[in-house]
Amino acid sequence: MFGYIRPYKPELKIKEYDVFRAYYCGLCKDLGRQYGQISRLFLNYEATFLALFLSGLSGIKPTILPESCIANPFKKKPVMQSNDCLSYASDISIILTYHKFRDIKRDENPVIGSTGMLVMGRAYKKACKRHPEKALTIQKLLSELEGLERQKCPRVDEAAEPFANLMKEIFLYKDMSLDEDSLKHVEFIAYNLGRFIYIIDAYDDLEKDLKRGNYNPLLLNFNYNGQDLEAFKKIIENWVSFNLTYTLSRISETCNNLNFNRHKAIIKNILELGLYNQLETIMKREKRDEESI
Amino acid sequence: MKSPYEVLGLREGASIEEVKKAYRELVKKYHPDQYADNPLKDLAEQKMREINEAYNTIMQSAGQNRNSYTNQGYQHTNQNYQYGESGIYDRVIDALNRYDYWTADALLNNIRQRDAQWFYLKGRVNLMANRFGEAYNYFRTAVNMDPTNPEYKRALNEMAAMAEQYQRNVYYQRSSNDECCQQLCALWLCDTCCECMGGDICTCM
């Protein structure tokens, strides 16, 4: 969907990378089995992380078996066998993909959007039936998000809230038997993960939004007045970078208070190194462009 | 109309300690934050208002030497504006200590004369509400308005130090040589920012 939640490979052990791959492949196969082959095209890192994070917290023992795959039919690769966390992640990913197409239909390209919605319609209904409350809440939060966009909310932190709440909702999977404190930590991590994604996406999309005349909270928050975009980025860079680094520091702090049954190293790699790497890459992008000019 | 004691689920004439305890528990239970993404939010907010009113009424009548809690702050505004404001600030601080930033924010928004303390408290409200960028701005304004206040400076420094420590940890984990240079750079940058705003993380730079 966004692709910001991914491991920082250079610091990952090979066995950890294999587990991550196994989740990725497992999710892909689970999507295919439950929602048909087309849905496998919309496999994403966010859902993989969701499955990994929930399995790490839960008591479920994961089974990884070597299996072959359409993409590579002759070589068997480790694949996570379907379990509750994995199929929950694929249900959620279907729901979000459907909404993504609705978004595209509205803002970007009605043809692609409608086609996507049509293709995903059946899968979406099935996923909604499995998690009616989640589906309703997600829809409600997304319309809140659209509401803020329509009102042209001028504060980034405020505009990020519905999406942050959406992530919180997604990560609270009811079958996890967690104590109250752990639940609070999970909520906090998920909420701030949502904040991070929303804000960094806004920063990443500045140019595109400006060209299309779309809403972008950063433009309004810092009173963009038609100046050169690079100059504008210079002004807001420190603030955005600090806001996000601080957000990550709180996520990392909370993550240390959480008891994971497994996968702790990978989860920490993603939440600490992976996210920070994304932040650095995106903040540095325009600097590199500048140099090339 | 329920009596304030009934609202808090207590018998008439319960002791102040009991009132405080019941109040704290109810705040935890009905805090609108927990219902942020829930249809029950409106209900929770209404309940919170009732609970706050009941608590204030009891505390008022108990004559707990808590002039600052009561509405006197508002009543005095015409005669003695300054007194009214500081009264409200006490109530804001009290609400923040109970993690009730919702009430604290509502109180702050009623204040028209906005001094350094107002910005500092607004920063704390935003920090609690996970609006970190806003919180940072408010703390910075508070420090700029009153650079001598150690409390404001500390709040700002704490945020900067937290982010800086995290960054250092990331660089440490990546642990390659050129990162070390970046790490020093980041530290230097943080320190410079901090000094600009009147603080200092690293005194030697």
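In what follows, every chain begins at residue 1, and chains take the letters A, B, ... in the order their sequences are listed.
- By the 30° and 60° cut-offs, the orientation of the rings of B:F132 relative to A:Y246 is perpendicular.
- Qualifying side chain to side chain donor-acceptor pair (under 3.5 Å) partners for A:E146, counting only residues two or more places apart in sequence or in other chains: A:R102, A:R106.
- Separation of atoms CG (B:N130) and CZ (A:F188) is listed at 5.0 Å; rounding is to 0.5 Å.
- Taking CD of B:Q167 as the start and OG of A:S241 as the end, the distance is 6.5 Å to the nearest 0.5 Å.
- Between the side chains of B:Y166 and A:E272, no donor-acceptor pair is found at a separation under 3.5 Å.
- The side-chain heavy atoms of B:R174 and A:Y276, taken from C-beta on, include a pair separated by under 4.5 Å.
- Counting only residues at least two apart or on different chains, the side-chain hydrogen bond (donor to acceptor under 3.5 Å, both in side chains) pairs with a member in residues 153-164 of chain A are A:R155-A:E158, A:D157-A:R195, A:D157-A:N243, A:E161-B:R131.
- Neither the backbone nor the side chain of B:N126 comes within contact range of chain A; no heavy atom of the residue lies under 4.5 Å from a heavy atom of that chain.
- Heavy atoms only, all atoms of each residue included: A:F242 and B:A163 are closest at CE1-CB, 3.9 Å.
- To the nearest 0.5 angstrom, A:L248 atom CG is 12.0 Å from B:N169 atom CG.
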* Asked: side chain to side chain contact (heavy atoms under 4.5 Å, CB included) between A:R250 and B:M162: does it pass, once the steps are laid out?
  -> CA-CA 8 Å; A:R250 296 286 299 268; B:M162 180 91 189; 3.7 Å; yes

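- Contacts of A:E253 with chain B are made by side-chain atoms alone, with heavy-atom separations under 4.5 Å and no backbone atom involved.
- For A:T245, the parts lying under 4.5 angstrom from a heavy atom of chain B are both the backbone and the side chain.
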